[in-house]
**Student:** 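Quick one: structure below, then a few questions.
Note that these values count all heavy atoms, side chains included, but never hydrogens, waters or copies made by symmetry. Letters A, B, ... mirror the listed sequences (proteins, then strands); counts begin at 1.
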Amino acid sequence: AQTVTQSQPEMSVQEAETVTLSCTYDTSESNYYLFWYKQPPSRQMILVIRQEAYKQQNATENRFSVNFQKAAKSFSLKISDSQLGDTAMYFCALENSGGSNYKLTFGKGTLLTVNP
Amino acid sequence: DTAVSQTPKYLVTQMGNDKSIKCEQNLGHDTMYWYKQDSKKFLKIMFSYNNKELIINETVPNRFSPKSPDKAHLNLHINSLELGDSAVYFCASRVQGLNAEETQYFGPGTRLLVL
């Protein structure tokens, strides 16, 4: 069974500063994908960033980057130059690959508040 | 234009009623999902269909019955609604393993409130 753990239920950061959200996971699969999703108050699930487990290079998307440590099963999200619009719930998720049953397993989320 | 759409967006109903939520995707994906987000925001998969065939059923009460009339649609019917069914239900779709860049795309969610 796959598990995803986000140990920080809530975090806050000042506008323009940098914040890191933690995520650890466990899986018996050798190949899998990791994601960070953002859910603002509108409740839409928005993909922030995606990482393939077989790639050593950390994924980046503009102000968002990850620190993927495969041996430690750690996948943290760094948000640089935080903006008010980054205020949202952030979910770390793991998706197995192979076979016909891709499914996402989510962590419990981290509520990030960006303060002006 | 919308990639994954759900209707209705909000649903308020009484205990014991039967209700349906519809999902449609225009992305040409062959796999569709239902996820449930509870009051603590925890998201959990319920069902997955691939080419109209059920491939994941995650120990969901049999009051919940998904139906996939075609690849582009996955509906969720709930019988004898209970208070604990109150949640946000998300539909999602994905291409099945053909492209390493693919990911799951989510609908806007349906907020169900059972009174």
**Student:** Nearest 0.5 Å please: distance from the SG atom of B/Cys91 over to the CG atom of B/Leu74.
**Tutor:**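 It comes to 5.5 Å.
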
**Student:** With a 4.5 angstrom heavy-atom cut-off, which part of A/Met45 approaches chain B: side chain, backbone, both or neither?
**Tutor:**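 Both parts, backbone and side chain.
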
**Student:** Check whether A/Leu47 gets within reach of chain B through its side chain, its backbone, both or neither, counting any heavy atom under 4.5 Å.
**Tutor:**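 The answer is the side chain of A/Leu47.
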
**Student:** Name the option with the most non-hydrogen atom pairs under 4.5 Å to chain A; the candidates are B/Arg111, B/Lys40, B/Lys44.
**Tutor:** B/Arg111

**Student:** Taking only residues two or more places apart in sequence, or in another chain, which ones meet A/Tyr25 in a ring-ring contact (aromatic ring centres under 6.0 Å, His included)?
**Tutor:**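 With sequence neighbours excluded, A/Tyr25 shows a ring-ring contact (aromatic ring centres under 6.0 Å, His included) to A/Tyr32, given in chain and number order.
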
**Student:** Is the cationic atom of B/Arg94 (NZ for Lys, CZ for Arg) positioned less than 6.0 Å from the six-membered ring centroid of B/Tyr105 and within 45 degrees of its normal?
**Tutor:**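 No, cation not above the ring by the 6.0 Å, 45° rule.
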
**Student:** If the condition is ring-ring contact (aromatic ring centres under 6.0 Å, His included), which residues does A/Tyr90 pass it with, not counting sequence neighbours?
**Tutor:** none

